[in-house]
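First up is the structure itself, then whatever we jot down about it.
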Protein chains: 2
Amino acid sequence: MSLAQLHYFVAVAEEGHVGRAAARLRVAQPPVSRQLRALEDELGQALFERTPRGMRLLPPGERFLVYARAALSAIEQGRAAVTEARGTRGNVQ
Amino acid sequence: MSLAQLHYFVAVAEEGHVGRAAARLRVAQPPVSRQLRALEDELGQALFERTPRGMRLLPPGERFLVYARAALSAIEQGRAAVTEARGTRGNVQ
DNA sequence: TGAGGTTACGCCTATCGTAATAATG
DNA sequence: CATTATTACGATAGGCGTAACCTCA
């Protein structure tokens with residue numbers, strides 16, 4: 001699993017469309033499609049249903065989405081916590 | 001930032017020692033050392049103090065540790081949530 | 001037959017491990 | 001001078017983009 005996979009997964013879940021997700025991510029479609037499949041392979045579970053109209057989340061995908069967002073959010077918070085720390089690093093001892 | 005960097009960071013924070021962290025991660029020392037530095041570079045902030053005895057967390061590192069663990073934990077929970085879903089995927093519709 | 005997703009393939013970047021090097025108490 | 005971290009370097013693997021292909025209503 002990789003952070004890119006989580007980002008791609010969330011984007012596709014939100015767009016319901018690999019093409020739009022890729023555009024939003026400023027990446028070509030194939031990487032998104034591949035990483036999505038790799039993620040499903042690793043989890044041993046399909047996360048999306050493929051339809052001629054796009055991608056629809058399956059129940060396992062819905063469940064995973066919650067934690068994918070949580071993980072990405074934690075990382076952003078961590079980044080912010082460290083960045084805000086600039087100037088507070090007096091006590092290096 | 002990568003998940004490997006987060007794993008490496010947490011291991012080093014817990015071990016206080018790149019060598020032991022690497023052994024625990026079943027990886028050579030250099031990758032751990034490099035990824036740690038890359039992480040610090042990306043965050044624009046030192047996370048550890050280097051001593052001849054090993055590595056000690058600096059305040060920004062302490063702050064980041066909380067969120068790094070949260071992110072990794074969320075991923076594990078996500079994995080579990082999907083895995084447990086096996087057999088519950090009746091309503092694919 | 002058109003909209004959308006996937007596979008093939010070549011290139012490029014990133015990461016690893018071994019070995020050598022630096023730093024510090 | 002021993003312990004620990006870092007840098008050099010060659011080899012490998014992973015990921016991207018373009019282009020071609022498949023599928024289904």
Side-chain angles (χ1 to χ4, degrees), chain A residues 1-58 60-62 64-65 68 71-72 75 79 92-93, chain B residues 1-58 60-62 64-65 68 71-72 75 79 92-93:
Chain A
M1 196 175 312
S2 73
L3 291 181
Q5 284 172 354
L6 297 182
H7 274 119
Y8 292 3
F9 168 73
V10 171
V12 172
E14 287 173 359
E15 299 288 344
H17 197 278
V18 173
R20 278 194 299 271
R24 177 174 133 190
L25 294 161
R26 311 266 187 177
V27 168
Q29 287 95 334
V32 177
S33 179
R34 281 183 302 232
Q35 296 288 2
L36 234 54
R37 180 163 294 274
L39 180 60
E40 290 177 321
D41 283 355
E42 180 176 343
L43 294 174
Q45 202 83 15
L47 301 175
F48 290 99
E49 181 190 0
R50 275 77 171 167
T51 84
R53 293 291 186 176
M55 314 280 279
R56 190 176 0 174
L57 270 181
L58 292 173
E62 302 258 20
F64 190 69
L65 180 57
L72 295 175
I75 287 172
R79 209 186 290 270
V92 171
Q93 194 84 224
Chain B
M1 193 171 321
S2 72
L3 290 181
Q5 285 172 353
L6 297 182
H7 274 118
Y8 292 3
F9 168 73
V10 171
V12 172
E14 287 174 0
E15 298 288 344
H17 196 278
V18 173
R20 279 195 297 271
R24 177 174 131 189
L25 295 160
R26 311 267 187 176
V27 170
Q29 287 94 337
V32 177
S33 179
R34 281 182 302 230
Q35 296 287 3
L36 235 54
R37 179 162 296 274
L39 181 60
E40 290 178 322
D41 284 354
E42 181 176 342
L43 294 174
Q45 202 83 16
L47 301 175
F48 290 100
E49 181 189 0
R50 273 78 171 168
T51 83
R53 291 293 183 175
M55 314 281 278
R56 190 176 358 175
L57 270 181
L58 292 173
E62 302 258 19
F64 189 69
L65 180 57
L72 294 176
I75 288 171
R79 208 186 290 269
V92 170
Q93 190 90 215

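Chain letters run A, B, ... following the sequence lines, proteins first and then strands; every chain starts at 1. Just so it is clear, the model here is predicted, and its values are computed rather than measured.
In this structure, CD of A:Glu15 is placed 15 Å from C1' of C:dG4, rounded to the nearest angstrom. If you take CD of B:Glu40 and C1' of D:dA5, they are 12 Å apart, rounded to a whole angstrom. Taking atom CD of A:Glu49 as the reference point, atom P of D:dA25 lies 11 Å away to the nearest angstrom. Atom CZ of A:Phe9 is separated from atom P of C:dG5 by 15 Å (rounded to the nearest Å). One can place CG of B:Leu36 at 7 Å from P of D:dT6, the figure rounded to the nearest angstrom. As rounded to whole Å, 15 Å separates atom P of C:dG25 from atom CZ of B:Arg50. Atom CZ of B:Arg26 is separated from atom C1' of C:dG17 by 17 Å (rounded to the nearest Å). The separation between A:Leu39 atom CG and D:dG15 atom P is 12 Å, rounded to whole Å.
Within the 4.5 Å cutoff, the side chain of A:Tyr8 has heavy atoms near those of the A:Val27 side chain. Put simply, the side chain of A:Phe64 reaches to within 4.5 Å of the side chain of A:Leu6, judged on heavy atoms.
Under a 3.5 Å cut-off, the side chain of B:Glu40 and the backbone N or O of B:Phe48 do form a donor-acceptor pair.
Each of A:Gln29 and A:Gln5 lies near DNA chain D, and the nucleotide nearest A:Gln5 is the one positioned closer to the 5' end.
Here C:dG5 is the nucleotide among D:dA5, C:dG5, D:dA25 with the atom lying nearest to any side-chain atom of A:Val18. With C:dT18, C:dG4, D:dG17 as the candidates, the nucleotide lying closest to the side chain of B:Ala28 is C:dT18. In the set D:dA5, C:dT6, C:dG17, the nucleotide with an atom closest to the side chain of B:Val27 is C:dG17.
Between B:Glu14 atom CD and B:Leu65 atom CG the span is 7.0 Å, to the nearest 0.5 Å. Atom CG of residue B:Leu47 and atom CZ of residue B:Arg37 lie 11.0 Å apart, to the nearest 0.5 angstrom. Rounding to the nearest 0.5 Å gives a distance of 6.5 Å between CE of B:Met55 and OG of B:Ser33. The line from CE of A:Met1 to CD1 of B:Ile75 is 6.0 Å long, rounded to the nearest 0.5 Å.
B:Glu62 pairs by the side-chain contact (heavy atoms from CB on, under 4.5 Å) definition with B:Leu57, not counting sequence neighbours.
Contact annotation: B:Gln35 side-chain N/O to C:dA14 OP1/OP2 distance is not under 4.0 Å. Within the 4.0 Å cut-off from OP1 or OP2 of D:dA5, not a single side-chain nitrogen or oxygen of B:Ser33 is found.
Residue side chain B:Arg34 reaches the base of C:dG17 through a donor-acceptor N/O pair under 3.5 Å, judged by distance alone.
If you check every strand for non-hydrogen atoms under 4.0 Å, B:Arg37 touches sugar and phosphate atoms only. Backbone-only engagement by B:Tyr8 is indicated by non-hydrogen atom pairs under 4.0 Å involving sugar-phosphate atoms exclusively. The residue B:Pro30 sits close to a base: some heavy atom pair falls under 4.0 Å.
Overall, the helix from C:dT1-D:dA25 to C:dG25-D:dC1 carries an axis bend of 30° between its ends, with five pairs at each end and the value rounded to 10°.
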